[in-house]
Amino acid sequence: MSETIYGRITDEGLERLRARIGKGFTGRRPWRTEITRDAIYHLALAIGDLSPMYLDEEYAKKTRWGTLLAPPIIVQTMDTLRAVGHSGLPEGLPGVHSIWTGSYYEWERPPMLGDRIRADAYLKEVREKESTFGGGRAVYQTYEAKYYDQNGNYLGLRQDTWIRVERHKTAEKKKYGNIQLAHWSKEDIDRFCEEYRNEQRTAERYWEDVQIGEPTHTLIKGPLTPTAEIAFESYFGIYLVGNKVAAQLYEKHPALMIPNEQGVPEPPQRVHWDNAFTQRLLGLPGAYDLGPERCSWLIQGVTNWIGDNAFITKIDARYHRFNFMGDVTWVKGKVTDKYERNGKGYVRFALECINHRNEVTASADAEAELPKRG
């Protein structure tokens, strides 16, 4: 691969990429295919959502669902968009960095214990625009997966969008270079722990009782740590590989891998837990989280409030700023509308992730179906 092509957005690369629109990923294996007790438990711990709907089977049996539910974002592990041993997504344009900009999910019902899920996954859209992050060209790639349960019933979909930017441009511009990574005192940590102890969730809520403008419960997340990122990443598979699997990945996609300080090729996923690596590669203040992690927090901001007999039906999340190591995030929201559809009651929410700098790092619109009295 020539030096002029690697790490650059070219017309030829975009032409090859657009030829992939509508096409799937043959030969890839999903990270998971069945929702087991262990799968639910591990995800609940990875995202820090300890709802009894995920962890207490006897409790869950007493709800309308009659069984354990899974955190809704579990479907992301059940398609081939990001499969272990492959180049991941977004594809094409080797050496051009990718950053999540948005996620959209729909659910016909909650994913639950025992579900065996398959998905149709493919590249949906490619758009080019000028980059305000690094300068020069930028490409937005959107992928879609549609999910079906063991009975062939449509379960829902997800769409994820990434921006592709040239790393040398971002390292030169250093758009966020003046941000200082957070440092916290023992008193700060004690205060955050107290907020965790006081986390609120609603067990029962009816559609008729919801008021437009009503706030949801505030949810704290963080301070963000490399350990937390690896916990989240490991649940979703993808690049957390070593030994022969890593060697095969390097052989298949040499342009994907970046030598570490010891000369050993590693995938770019280190930007999510390695400050020095991220500073060197992208000129950012430090490592940052994955967009879908904040999406899982925004989802929890809804599910903690709607009650155990309700379920989230859709969320449209946008990721505005990086969530750096040490950052603390609060998820806040409010009811923006309530309405009926086919005799069922629905509520719409506006949600935000706000960091300790009082910056909105993510926002979302969401919808949930709530039970009606009688």
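A salt bridge links Arg294 with Asp289; the closest basic N to acidic carboxylate O contact falls under 4.0 Å. A salt bridge is defined here as a Lys NZ or Arg NE, NH1 or NH2 lying under 4.0 Å from an Asp or Glu carboxylate O, and Arg205 with Glu214 meets this definition. The pair Arg201-Asp308 counts as a salt bridge, with a side-chain nitrogen and a carboxylate oxygen less than 4.0 angstrom apart. A salt bridge does not link Lys314 with Glu108: every distance from a Lys NZ or Arg NE/NH1/NH2 to an Asp or Glu carboxylate oxygen is 4.0 Å or more. Under the 4.0 Å criterion applied to side-chain N and carboxylate O atoms, Glu128 and Arg137 are assigned as salt-bridge partners. Remark: Glu369 does not engage Arg341 in a salt bridge, criterion side-chain N to carboxylate O under 4.0 Å. Ion pairing between a basic and an acidic side chain is recognised when a charged N comes within 4.0 Å of a carboxylate O; Asp79 and Arg118 show no such pairing. Using a 4.0 Å cut-off between charged side-chain N and carboxylate O, Arg270 and Glu261 make a salt bridge. Under the 4.0 Å criterion applied to side-chain N and carboxylate O atoms, Glu359 and Arg321 are assigned as salt-bridge partners. A salt bridge is absent between Glu293 and Lys221: the closest approach of a Lys/Arg side-chain nitrogen to an acidic carboxylate oxygen does not fall below 4.0 angstrom.
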| task | Before giving the answer on salt bridge (charged side-chain N to carboxylate O under 4.0 Å, His left out), spell out for Arg191 and Glu194 the whole-Å C-alpha distance, their side-chain angles and the decisive distance to 0.1 Å. | result | CA-CA 5 Å; Arg191 176 165 51 88; Glu194 180 67 16; over 6 Å; no

| request: Show your working on ring-ring contact (aromatic ring centres under 6.0 Å, His included) between Tyr235 and Trp31 and close with a plain yes or no. | output: CA-CA 9 Å; Tyr235 189 84; Trp31 186 234; 8.7 Å; no

| message | With ring-ring contact (aromatic ring centres under 6.0 Å, His included) as the criterion, how do His356 and Trp184 come out once you've worked through the C-alpha distance, each side chain's angles and the decisive distance to 0.1 Å? | response | CA-CA 11 Å; His356 62 280; Trp184 303 107; 5.0 Å; yes

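Residues Ser103 and Tyr319 bring a donor and an acceptor atom of their side chains to less than 3.5 Å of each other. Side-chain polar atoms of Asp188 and Ser185 form a donor-acceptor pair below 3.5 angstrom. Side-chain polar atoms of Gln76 and Tyr105 form a donor-acceptor pair below 3.5 angstrom.
Exactly one residue among Leu68, Ile74, Leu43 makes a side chain to side chain contact (heavy atoms under 4.5 Å, CB included) with Ile35. That residue is Ile74. Of the listed residues (Asn153, Asp149, Thr313), just one forms a side-chain hydrogen bond (donor to acceptor under 3.5 Å, both in side chains) with Arg109, and that residue is Asp149. Screening Phe236, Phe277, Tyr288 for a ring-ring contact (aromatic ring centres under 6.0 Å, His included) with His272, the sole residue that qualifies is Tyr288. With Glu367 as the partner, the side-chain hydrogen bond (donor to acceptor under 3.5 Å, both in side chains) test is satisfied by one option alone out of Tyr346, Trp107, Tyr339: Tyr339.
Judged by the 6.0 Å distance and 45° axis criteria, Arg318 is not positioned over the aromatic ring of Tyr104. Remark: Lys338 is positioned above the aromatic ring of Trp207, its terminal NZ or CZ atom under 6.0 angstrom from the ring centre and at most 45 degrees off the axis.
Counted within 6.0 Å of CZ on Arg127, heavy atoms from surrounding residues, nucleotides or ligands total more than 12; the atom is thus considered enclosed. Open room surrounds CG on Asn358; 12 or fewer heavy atoms of other groups in view lie less than 6.0 Å from it. The environment of Tyr250 atom OH is sparse: at most 12 non-hydrogen atoms of other residues, nucleotides or ligands sit within 6.0 angstrom. Residue-environment remark: NZ (Lys372) exceeds the threshold of 12 foreign heavy atoms within 6.0 Å. Annotation for Arg29: atom CZ does not count as buried by contact number, only 12 or fewer foreign heavy atoms lying within 6.0 Å. Summarising the local packing, CG of Asp209 is surrounded by more than 12 heavy atoms from other residues, nucleotides or ligands at distances under 6.0 Å.
Under the 4.5 Å side-chain criterion, counting only non-hydrogen atoms from C-beta, Ile212 is not in contact with Thr336. Counting only heavy atoms from C-beta outward, the side chains of His217 and Val331 never approach each other to under 4.5 Å. The shortest distance between side-chain heavy atoms of Ile220 and Tyr196 falls below 4.5 Å. With contacts defined as side-chain heavy-atom distances shorter than 4.5 Å, the pair Tyr122/Arg20 does not qualify.
No donor-acceptor pair under 3.5 Å is formed between the side chain of Gln159 and the backbone N or O of Ala145. Looking only at distances, no side-chain donor or acceptor of Glu166 sits under 3.5 Å from a matching main-chain atom of Arg8.
Expressed to the nearest 0.5 Å, how far CD of Glu229 lies from CG of Asn323 amounts to 7.5 Å.
By the rule that hydrophobic residues join a cluster once side-chain heavy atoms approach within less than 4.5 Å of another member, Tyr59 and Tyr41 end up as members of one cluster. Under the 4.5 Å side-chain contact rule for hydrophobic residues, Tyr206 and Val347 do not share a cluster. Using a 4.5 Å cut-off between side-chain heavy atoms of Ile, Leu, Val, Met, Phe, Trp and Tyr, with links allowed through other members, Tyr154 and Tyr147 fall into different hydrophobic clusters.
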